[in-house]
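Since the structure comes first, as structure tokens, the remarks are kept for the end.
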Amino acid sequence: MNNMAPVSLEPLGIVAKKQENLQTQNQGKIPDSKRDEFLPSEASGPNDGKFTLKEVLRNFGKGLISPVTAILKNPLLAVGMVALTAAACSFVPVLAPIMTIGFGALSVFQLAKGTTKALSDY
């Protein structure tokens, strides 16, 4: 038969109840450690939601070079992704044109979405 002593789960219930109470009390509040990350710094100046041409060009340039910087920061990940894609396309040759068309369509969609958002702000 069973020689084990019975184990009380009551302390676990109390801990779970306290955690549940803390979650409901803090719901929707930003922790103090993260609060400063969401507030604009005084050095950046007023932000009315509009970008100057200089900011637009700077952000566009950063977006253009971000894939290159991602590759330089994580070269093993980039090599692994290229190798996995090449292997998949060599085993299933129809994947290459499907992926090319799919990523091209996604790029056009993102460009259109960004353009309409930029034009709607002005």
For Val108, which residues count as a side chain to side chain contact (heavy atoms under 4.5 Å, CB included) partner, sequence neighbours excluded?
->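 Side chain to side chain contact (heavy atoms under 4.5 Å, CB included) check on Val108 returns nothing, list empty.
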
Considering residues at least two apart in sequence or located in another chain, which fulfil the side chain to side chain contact (heavy atoms under 4.5 Å, CB included) criterion with Ser107?
->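 Ser107 satisfies side chain to side chain contact (heavy atoms under 4.5 Å, CB included) with no residue once adjacent residues are dropped.
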
Leu106 with Leu111, same ILVMFWY side-chain cluster at under 4.5 Å =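 Leu106 does not cluster with Leu111.
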
Out of curiosity, Gln110 CD to Lys113 NZ, how far, rounded to the nearest 0.5 Å?
->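 Taking CD in Gln110 and NZ in Lys113, the distance rounds to 4.5 Å.
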
Kindly give the cluster partners of Leu57, where membership spreads through any ILVMFWY side chain lying under 4.5 Å from a current member.
->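 Answer for Leu57: Leu53.
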
Give the other cluster members for Met81, using side-chain heavy-atom distances under 4.5 Å between Ile, Leu, Val, Met, Phe, Trp and Tyr residues; answer none if it is isolated.
->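 Met81 clusters with Leu77.
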
Side-chain donor-acceptor distances from residues 95-104 under 3.5 Å, at least two apart:
unit_1	atom_1	unit_2	atom_2	d
Thr100	OG1	Ala96	O	2.8

Listing, residues 65-76 side-chain donor-acceptor contacts under 3.5 Å, not counting sequence neighbours, or none:
unit_1	atom_1	unit_2	atom_2	d
Ser66	OG	Gly63	O	3.0
Thr69	OG1	Ile65	O	3.4
Thr69	OG1	Ser66	O	2.9

